[in-house]
Structures are given as structure tokens and as C-alpha cells.
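Heads up: the structure comes next, in C-alpha cells.
Within every chain, numbering begins at 1; the chains are lettered A, B, ... in the order of the sequence lines, protein sequences first and strands thereafter. The model shown is predicted, which means the values in this text are computed figures rather than measured ones.
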Amino acid sequence: MPKRSFSGIQPTGNLHLGNYLGAIKQWVKLQDTVDGIYCIVDLHACTATHDPVVLRRSVSAVAAFYLAAGLDPAKSTIFVQSAVGAHSELAWILGCVARFGELARMTQFKEKGEGRESVSVGLFTYPVLMAADILLYDANVVPVGEDQKQHVELCRDVAERFNATFGDTFILPEPLILGTGGRIMGLDQPTKKMSKSAGSPNNYIALEDDPDTITRKIKTAVTDTGGQICYAPEEKPGISNLLTIYSLLTGETMSDLEARYTGKGYGFFKRELTEVVVENLRPLQTRYRALKKDPAAVGEILRQGAERAAGIAGKTLSRARKRFGMEPV
RNA sequence: AGGGCCGUAGCUCGAACUGGUAGAGCGGCGGACUCCAAAUCCGCGGGUUGGGGGUUCGAAUCCCUCCGGCCCUGCCA
């Protein structure tokens, strides 16, 4: 039986190159070796104040991008989180197993909540819902960026506690930390991760940006002192990030790129990188636009995905309910 | 549940006299410069003054109410 993998993206803000290289592209690569469950986690998107209409639009955008990027509904399960009620229900059960203290320690909660006037309870219990997402599918691996590792660990802790107290129920997942691609940095702030909700649009290359916009954004990308093109994330975070993007898109190694661009200057490199980004995104964008014109087809894929997901999740949930004392009545 | 303080641009606001045209700094955006950026210089936009109602010729300012935040006290478990 192939390993099962669960991962998801929140339908908030603009999908960008970091999401593609760091997540979706890696999932596509894993597609033939794992049973992939790929979710559009709209329940998580509600932890911050949101507009229902915008949320629905973002859900379709993420779905279209999953497909445009090459996730194949014949190989992977693609669905919207809120379409499978088991997520919410298991989250409640796990919320009674998780401890206040462990959630209060989550760095993402502390960072996101900091300075905010009000914070929803959902933002606090977010990791519990994420644990439910993962455990419902008996996922063995969870491909995530470095920043999500802590949440997967919490998921394991909660699952272990549940298993120890109520009997073996859940499979403990392993985080699969994605390599260099797991962390594409912001173009204007190369020491911080590229973000959908960054202050300036110059932080990211949106997957919908046209060639002119991409050109402008790469041109304004922050670089480092000195003119040599070499990969050194500590000393030269700016150019290293651009090299990472280049390497992930073309498959060339860092040393190949360093050799090729010796003595070439940042400006020259940026122009070539722009070409690479534009050309790599082009087919994806074409497919994306086509999918957007056919919402019925996307909807049908999501419906079938939700059906399969609900089948798997339902079994796990009923196992958990029994152990937890909820059925039979 | 009762009481106190508070809410102005993306952020910080001990800006806005006594009720009289809503401001600054930072950030952001654009340009110059630069191999490209950064720094620097030049320029630019940005607001339902938390929402709604009232008083007034006129409300950020006064009154009522709701929302949200911080604090004190009480009540229940």
C-alpha cells in the first residue's frame, strides 16, 4: 500500500511563486509514489476576518491552480475542506485532547496574534483543526515548509495522547520538510518567507502576474553588496533566493548556475531569470485561464474529490467517535 | 453583571486651541542614481476619524447606542 500524504493551502491572498515551487510543484512530483490528499483549507482561512464572497472566489482560484500546476484528479484526491464535515467534528474531539498550554506555545499563533486588536478563538485552535485534517486520512507524511513543522509535531503529540488514553486510533504522521524549495523568500525582504499577505505586492510574484509585472518585480528585487553571483544564503540572501528560484524552475544545480554566471552581474542575471520565470509560468497560466472559464468542470472534480475524501475520513471519524465514547448510542 | 480608560492613514500617534477645511513620522507607490537592487535625492497617493443615531448653521471633538480593546470589582461554577 502506498504511503498516504496530506497537504493543503489556505485560500487567502494571492497564490504566488513560493506556493508553487515550495508546495504544489513538489506535490506533483510525489504524485506517482504516494496516495496524495490535497485540500483547499477554507476553514483555516476563516480564522482571520474574511469576506465570504472573496473566500469562495479564492477557493476556486486555488482549485484551478492545483489542476493547472499538474495535480491529476485521477491520481490524487483534490477537495475543499468544508465540504467534508468530519474535519470540524474531529477537531472538536481533538480540542478536548489538546492542552491549552501547548497551543499557547505555537509560534505561529504568537506571531499572527501579535499586535492585533482582536484575535479569534479559531486562530488559537487552528493547529487542532490541522491535526484533524491530517489524522482523518491516516496520512503517513505531511509535506510542509519548515514553519509548519511545529504544527505537525503538535498533531503527533495529540494523536499519541489520544491513542494512549483511548486505544490505538490514529496513525502518527511524519513531517516531510521540503528542501530549498520549502522556503522561497520575499523579493523585497529576502530574509523572510514570500507571503501571500505581504505589505507590498513587490514581495511576491503572483501566479497570475503578466510578463511586464514579473519583469518589474524581479528588477526591483533586493540584492546584496558585491556583484558575484554565488549561492550563500547567510551572506547574500537576495541573490541566493533568486538562484533558488532559477534552480527550481530549470532543474539546474547551483554550481552549474554559479559557473554559468561568473562575472555576469546581477542585472544580467535578473533579465535571464525573468525569462525563465515567464516561460515556466506561461503554460501554467494558460491552463489556469482555461479552467477558470469552465467552473463546472472544476466543481465536478472537487465534488468527486470530496466524495472520496469523505469516505476515508468517515471511517477514521467513526473509529475515533467509538473510542471517545460517542457510538453506538 | 457593574464601574473606569480607550478606538484618527498599512503601522506609531501627548496632530487638529473652546465645536470651524483631518495632519506628521515610518511604511508603501513612482522617478533619478545603480550592472540590478540597497542607501541617498526628488515626487505621489493614502481616511466612512470603529458602526449607527442624535444635538448644532457646522462634530474627530458634545449626547445616546452597538462593536472592539485594556483594567478594576462582583456573580456563577
Side-chain angles (χ1 to χ4, degrees), chain A residues 10 12-14 16-18 21 45-55 58 95-96 99-100 103-104 108-126 183-206 208-250 252 254 256-281:
Chain A
Q10 256 192 63
T12 44
N14 285 311
H16 55 66
L17 197 59
L21 294 174
C46 305
T47 53
T49 49
H50 71 288
D51 179 330
V53 177
V54 174
L55 179 64
S58 301
C96 299
R99 298 294 166 240
F100 186 88
L103 292 184
Q108 198 183 63
F109 171 72
K110 288 194 273 190
E111 277 165 21
K112 283 197 175 178
E114 184 152 52
R116 249 198 246 186
E117 198 171 69
S118 70
V119 170
S120 74
V121 174
L123 185 70
F124 184 69
T125 58
Y126 180 113
R183 242 176 127 71
I184 301 294
M185 302 299 174
L187 297 180
D188 60 347
Q189 266 189 327
T191 50
K192 284 190 189 158
K193 195 169 124 167
M194 189 177 277
S195 164
K196 286 183 285 202
S197 49
S200 163
N202 289 332
N203 172 270
Y204 54 81
I205 292 171
E208 292 177 74
D209 282 346
D210 58 44
D212 283 350
T213 308
I214 294 171
T215 305
R216 193 170 42 73
K217 287 184 177 179
I218 292 180
K219 188 168 149 42
T220 57
V222 168
T223 57
D224 322 280
T225 49
Q228 316 88 318
I229 293 170
C230 58
Y231 182 73
E234 295 294 319
E235 300 79 35
K236 295 161 82 83
I239 197 68
S240 298
N241 187 39
L242 298 182
L243 276 164
T244 301
I245 293 169
Y246 197 122
S247 163
L248 285 168
L249 283 171
T250 63
E252 289 171 274
M254 286 300 175
D256 284 351
L257 292 175
E258 283 172 350
R260 177 130 57 89
Y261 287 103
T262 320
K264 291 287 209 245
Y266 293 152
F268 181 78
F269 175 73
K270 280 185 170 181
R271 284 189 290 277
E272 300 242 315
L273 173 64
T274 301
E275 184 79 5
V276 167
V277 172
V278 169
E279 288 315 314
N280 272 274
L281 245 36

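In this structure, the nucleotide among C35(B), A37(B), G28(B) sitting nearest to the side chain of S200(A) is G28(B). Of the candidates C29(B), A37(B), C36(B), A37(B) carries the atom nearest the V222(A) side chain, counting heavy atoms from C-beta on.
OP1 or OP2 of G30(B) sits under 4.0 Å from a side-chain N or O of R216(A). Note on N202(A): a side-chain N or O is less than 4.0 Å away from OP1 or OP2 of C29(B). For the pair K264(A) and C35(B), the criterion of a side-chain N or O lying under 4.0 Å from OP1 or OP2 is not met.
Comparing G7(B) with U12(B), their P atoms are spaced 13 Å from each other, to the whole Å. The same atom, P, is picked in C29(B) and in C13(B); the two are 24 Å apart, to the nearest Å. Annotation: C71(B) and U49(B) have their P atoms spaced 29 Å apart (nearest Å). For G31(B) and A15(B), the C1' atoms lie 30 Å apart once the distance is rounded to whole Å. Annotation: A60(B) and A16(B) have their C1' atoms spaced 9 Å apart (nearest Å). For the C1' atom pair drawn from G50(B) and A9(B), the interatomic distance equals 14 Å after rounding to whole Å. For C64(B) and U55(B), the C1' atoms lie 11 Å apart once the distance is rounded to whole Å.
Remark: T250(A) OG1 to I245(A) CD1 distance equals 12.0 Å, nearest 0.5 Å.
In this model, no donor atom of one side chain and acceptor atom of the other lie less than 3.5 Å apart for N202(A) and D188(A).
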